[in-house]
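Just so it is clear, the structure is predicted and the values come from calculations on it, not from any experiment. Quick note: numbers below take in every heavy atom, side chains included, and nothing from hydrogens, waters or symmetry partners. Residue numbers begin at 1 in each chain, while the letters A, B, ... track the order of the sequences.
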There are 2 protein chains.
Amino acid sequence: MVGMARAATTSDVFNAIAEPQRRQILVLLRAGERPVTELAQELGMTQPGASKHLRVLREVGLVRDRKAGRQRLYGLDARGLQPVHEWTGGFEQFWNASFDRLDAYVQDLKQTRQKE
Amino acid sequence: MVGMARAATTSDVFNAIAEPQRRQILVLLRAGERPVTELAQELGMTQPGASKHLRVLREVGLVRDRKAGRQRLYGLDARGLQPVHEWTGGFEQFWNASFDRLDAYVQDLKQTRQKE
DNA sequence: CCATCATATGCCCATATTGGCATGCGTCAA
DNA sequence: TTGACGCATGCCAATATGGGCATATGATGG
């Protein structure tokens, strides 16, 4: 193996939600279970397209599916999003500090120049 | 254009943090600014590799860089992570509800079977 | 049993990546 | 000025995707 591409999107949640349409699907599912075709329509994608995205979401555990007659209802299982929320939360203290740090840089630069 | 792959990773934060090594870089930078080589060493990657990941992070605005002599110090700018935190936070109410919903499914199935 | 509806898959194409290596470029020290 | 150091890039190889289409699968209703 000489080159590698990217970790399979099906392997982790971060990758699964990197796709805008998959995020939209998750948002839609907050309103409740929905069959594939309905999701496809509401999001303006083809049925195969929706199925493929749903498959990825299913494999990382963000959605569950349940057979209901001829349909297959997909439902949200947001537990997998918690790690992402927590990971980003670990940077919360830096959101506001960023500007201050930037200022610190500028100060540093000014002092450095004065010394030269 | 007949086929498309995936939105450029450099275009949004969700995609930028989909890469494990880039997440590690961000975590390391919480401790403060660091030159490329040092990051590469600590994460066990080559210098070009680190540079490439840093470039992606820079283009989505998650890191800033500052020249310091021969070195280039990279620093964290976590503001871009806030949207991700908020998006996932929008599912917080479903983290605990998931099990209940699952139970509801089981109940449904049982009733359905009894009817048959 | 048959036509139809609802989905999942397989295949092919064009693209986006990531990694390894070599190399260009600017900076600093002797 | 010259050589070493620190980084960014370019190029190539191997892969993972996402979309469009056709088609296999399954279940339902007559």
Side chain [X], main chain [Y], donor-acceptor under 3.5 Å:
| X | Y | answer |
| --- | --- | --- |
| B:His85 | A:His85 | yes |
| B:Arg58 | B:His53 | no |
| B:Glu19 | B:Gln21 | yes |

Short N-O contact, B:Arg55 and B:Glu59, less than 4.0 angstrom = yes
Of A:Val56, A:Ile17, A:Leu76, the residue whose pairing with A:Leu62 passes side chain to side chain contact (heavy atoms under 4.5 Å, CB included) = A:Ile17
Between [atom2] on [N] and [atom1] on [X], what's the gap in Å once rounded to a whole number?
| X | N | atom1 | atom2 | value |
| --- | --- | --- | --- | --- |
| A:Leu54 | C:dA6 | CG | P | 16 Å |
| A:Asp65 | D:dG26 | CG | C1' | 14 Å |
| A:Arg58 | C:dT7 | CZ | C1' | 10 Å |
| B:Glu19 | D:dA16 | CD | P | 14 Å |
| A:Arg23 | D:dG18 | CZ | P | 12 Å |
| A:Glu59 | D:dG18 | CD | P | 12 Å |
| B:Asp12 | C:dA16 | CG | C1' | 13 Å |
| A:Lys52 | C:dC13 | NZ | P | 14 Å |

Do the ring planes of A:Trp87 and A:Phe14 sit parallel (below 30°), tilted (30 to 60°) or perpendicular (above 60°)?
->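 A:Trp87 vs A:Phe14 ring planes: perpendicular.
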B:Arg34 and B:Glu42: side-chain contact (heavy atoms from CB on, under 4.5 Å), yes or no, with the steps?
-> CA-CA 11 Å; B:Arg34 272 192 176 63; B:Glu42 295 190 45; 2.8 Å; yes
Starting the side chain at C-beta, find the nucleotide from [options] nearest to [X].
| X | options | result |
| --- | --- | --- |
| A:Gln71 | D:dT9, C:dG19, C:dT7 | C:dT7 |
| A:Ser51 | D:dC7, D:dG18, C:dT7 | C:dT7 |
| A:Arg72 | C:dT7, D:dC7, C:dT9 | C:dT7 |
| A:His53 | D:dG18, D:dC7, D:dG20 | D:dG18 |

Pairs under 3.5 Å (N/O, protein and nucleotides 23-28 of chain C):
{"from": "C:dT27", "atom 1": "OP1", "to": "B:Lys67", "atom 2": "NZ", "distance (Å)": "3.4"}
{"from": "C:dC28", "atom 1": "O4'", "to": "B:Arg70", "atom 2": "NE", "distance (Å)": "3.4"}

Shortest non-hydrogen separation from B:Ala16 to B:Val60 and the atoms involved =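 Shortest heavy-atom separation between B:Ala16 and B:Val60 comes out as CB-CG2, 3.8 Å.
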Contact under 4.0 Å: A:Thr46 side-chain N or O vs D:dG19 OP1/OP2 |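 For D:dG19, OP1/OP2 do not have a side-chain N/O of A:Thr46 under 4.0 Å.
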Presence of A:Tyr74 side-chain N/O under 4.0 Å of C:dA8 phosphate oxygens OP1/OP2 = yes
Contacts to DNA chain D from residues 38-45 of chain A, heavy-atom cutoff under 4.0 Å, which residues?
->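 Heavy-atom cutoff 4.0 Å gives no residues at all.
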Go through the steps to decide whether B:Val63 and B:Asp77 satisfy the test side-chain contact (heavy atoms from CB on, under 4.5 Å), and finish with yes or no.
-> CA-CA 5 Å; B:Val63 302; B:Asp77 186 347; 6.0 Å; no
